[in-house]
Each structure stands twice: as C-alpha cells, then as structure tokens.
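Below: the structure, in structure tokens.
Throughout, numbering of the chain's residues begins at 1 and tracks the sequence.
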Amino acid sequence: ANLIGAWDENNAEDIDIVKKVTDKVTDEDYKSFVSEIREILQLEDSPLLLKNGVWKVKDRVLLWKKLGSRIFDNDLNRFKEYILPVLTEQDPAFKLSSSERFKANISGNVLKYSHSLRTGIAESLALLSNSGSDLENCLPGKAEGIVSFIIHEIFSKADWVLWGTLNNLLPTLAEAAPEEFLGVVDNTLSSTHCSCPFDKLFSEENSGIFGHNYLTGLLRALESLAWDERYLVRVCIILGKLASRDPGGNWANRPANSLTSILLPWFPQTFASINKRNVAVQTLREEQPEVAWKLIISLLPNKHQVSTGSYKPSWYKTIP
C-alpha cells in the first residue's frame, strides 16, 4: 500500500492499477488484500486512513523506513511497468475551450485515474529517488534508475496537453529526478522541431472565477529546485527563457516573479551562497539581457516591497 500511496476504491481504474502493482491480479486476491488492510485500519495508531473510499498512508516517509526491507526487485519491476499509463494520461478537459473547461466534470471530460492515485504515485517516485537506500533488499541504484527512466519516458515527447495535465504534480516529479527534469524542460524550451508547449500553455491562461494558470506547477517545481545550490544557475536560466516568452497576464505566478523571489537580497529563497547567486545573475545577463535587466531593477531596495517566499521542497535534501 505504501508503494502506491493512495487510491480510490470507488474507481475501477484505480483498483486495476493496485491489483497489478501488488500482484493481486484476481478479484478474490484484491478482496483478500483489502480485508487485511482493513484490519490494520482498526489499530489504535494505524498508519492507514480511509475516508470516502480513498485509501491513504498517513506518514509515507516513516512507513517507508520501517517497511523498506519488504520491497524487492520484482515489486519495483511491476511498479515501473504499470504506472506509466497513469502519469501519461491526458486530461480530456483540454478538448474543451479554455472558457468552457470549468464544465469538464459536468460533461464527463475527466481523467480516468483519480487525483489520489496520481498524487500517490508521484510521491512514490520522489521516495524511490531520495530514499532508495531504505530498500535494502533491492539492487543498489535500481530505485533511482527506475525513477530516471520514468521521468524521461513521461516528458521526452510530452505535448502541451500532457504538461498541462501534470501541472499539479510537477513539483513532486521535479524532486523525484531534478537532473532529468531540468534537462527535459531545457530541451523543450530549446527544441526547434516543433512549437514550444509552454507557449501554448501561456495562451491558455484565463482569468475570472473559473480562470486557470497551467504553468503554476512548473514555476513551483523550478522554485523548489532553486533552493539547492547545485541547480540554482540552471533554474535561473530556464526561468529567464520562460520570462522571455511570457506574454503577460493577470496571474501573479510568472517566471519573472519567481526569479525575483529566489534572488531577493533581503529574503533569498535559496541556500546558494552570495557568490553563486551573483554567478546566476551574470549568466542570465549574458543569455537573456532584457530579462536580466528587469530582474536587477526588481531587486533594488523598495520600501513597499513584500515577499511571501517561494515554493519549498518536500522530498529531497537541498544541501548536499
């Protein structure tokens, strides 16, 4: 259950994935599995939670450390085989126009896998990558290798719809494989073979009570990685490229604002040294001079300036 993280037992597609990952392939096997975890649910300090049909693990990191020795290579192989369809499913709501998308639930244009399952699996990837050493009975490096493979498979040919579908999961997926994630984002921005999906996502932004910004997840993902000195310069360059493409809008979540939040002298949102932050600004000045100039102006002292900080990582260590 902890390898999956969460699922909705009212969703047949969720149950199918649980069956495959846990190797409970028949209905009877699954019923037996559920019967066992329902008994665990009755414990006074049960690690599981069941609410409105949604199963969740309360403290995944703690349970991961306690039960890591129960996971073997064949468990990871099944996990790798069956979770890709969950994370590469495209949201049918994008078939609707941006102004009509809020009606997606009413019209039945919804993802077949639940939000709980998708979130649980994304968290599983972060755990596999950052706490793979707890799986002491698996081959060394196997967990991390699986995560790198999956992140590459998800994003190597992702179009704007998939990027938009994964918007809320991007911070967690970025923490699962920072190097691979930054690589695919940079390649997506640099590709000349097709139109950039981020340009389309900028154009899909709308305001109002039902408005949506489909780049918020990407900006949060980049902000979380910027806390790590190793990734600061790369993150700033990517944010600079995004800022140069940004047509502007009503939402405050913008690449230029993320840059300012990260590098603000009196409230920096990174563990990088002052020298490393200077390197980031100088590199940005060489590659995106117009963006860098606006950034430097925004960093000047301003008595009216406020900052709420940037997105913080949840799963990986920011200090090597």
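In terms of modelled atom types and a separation under 3.5 Å, the side chain of W55 and the main chain of L49 share no donor-acceptor contact. Counting only distance, with no hydrogens or angles, the side chain of Q269 and the backbone of Y311 share no donor-acceptor pair below 3.5 Å. Judged by distance alone, the side chain of N11 and the main-chain N or O of D14 form a donor-acceptor pair under 3.5 Å. Although no hydrogens or angles enter the test, the distance criterion places no donor-acceptor pair under 3.5 Å between the side chain of S35 and the main chain of K31. Side-chain atoms of N253 do not come within 3.5 Å of backbone N or O of T216 as any donor-acceptor pair.
Checked for salt-bridge contact, E204 and K200 meet the test: a charged N lies under 4.0 Å from a carboxylate O. We find that D186 and K241 are joined by a salt bridge, their nearest charged nitrogen and carboxylate oxygen being less than 4.0 Å apart. With salt bridges taken as basic N to acidic carboxylate O contacts below 4.0 Å, one links E205 and R254. Of the charged side-chain nitrogens involved, at least one lies within less than 4.0 Å of a carboxylate oxygen, so that D27 and K19 count as a salt-bridged pair.
Note on ring orientation: taking the six-membered ring where Trp is involved, the planes of F271 and W227 are tilted (angle from 30° to 60°).
Here the two rings, on W163 and F198, have centers that are under 6.0 Å apart. In this structure, Y113 has its ring center at least 6.0 angstrom away from the ring center of W7.
Residues L63 and L50 share a hydrophobic cluster, clusters being chains of Ile/Leu/Val/Met/Phe/Trp/Tyr side chains in contact below 4.5 Å.
To the nearest 0.5 Å, atoms CG (L128) and CG (L76) are separated by 6.0 Å.
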* To do: In sequence, state the C-alpha distance, the side-chain angles, and the governing distance for T260 and S298, and then conclude on side chain to side chain donor-acceptor pair (under 3.5 Å).
  => CA-CA 7 Å; T260 301; S298 72; 2.8 Å; yes
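Taking both residues in full, the closest heavy atoms of L189 and C196 are given as CD2-SG, 4.1 Å, listed atom of the first, atom of the second, then distance. Smallest separation of non-hydrogen atoms from L170 and L218: CD1-N, 3.6 Å. Residues S124 and N2 approach most closely at OG-O, 4.2 Å, considering heavy atoms.
For K58, the NZ atom counts as densely surrounded, since its 6.0 Å shell holds more than 12 non-hydrogen atoms of other residues, nucleotides or ligands. Residue I274 qualifies as open at atom CD1: its count of foreign heavy atoms under 6.0 Å is 12 or below.
For residues 122-145, the salt bridge (charged side-chain N to carboxylate O under 4.0 Å, His left out) pairs, not counting sequence neighbours, are R60-E123, K65-D134.
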